[in-house]
Amino acid sequence: MTLIHTTIWLFMLLLGGTAVAALVWAFTTGQLRDFQSGATSIFDEDEPVGVMTDAFPDNAAALEPDQSIPDNLRNDGIKE
């Protein structure tokens, strides 16, 4: 039973040490500096931020802005 407990504790220490090492690496290399530019880096002129451009072929209405969402909660850039 002692071998099992020792193995579990060693595994937990290894896993925790790996998590701490990954966090230190992320801080030292600047991975956590600017979340906004990373979040918007996938968008371009063909698919702007906040505008849905994907829809099923027979569902053109899905590309229209949802009118049931209040204006203060919308994120598509359309001002009505």
| field | pair Thr7-Phe11: side-chain heavy atoms closer than 4.5 Å | value | no
| query | What is the minimum heavy-atom distance between Thr6 and Thr2, and which atoms define it? | reply | OG1-O, 2.7 Å
When rounded to the nearest 0.5 angstrom, what distance separates [atom1] in [X] from [atom2] in [Y]?
X     : Y     : atom1 : atom2 : result
Thr18 : Leu23 : OG1   : CG    : 12.5 Å
Leu14 : Trp9  : CG    : CH2   : 14.5 Å
Ile8  : Leu3  : CD1   : CG    : 10.0 Å

| query | Out of curiosity, does Leu15 fall in the hydrophobic cluster containing Val20 (side-chain heavy atoms, cut-off under 4.5 Å, transitive links)? | reply | no
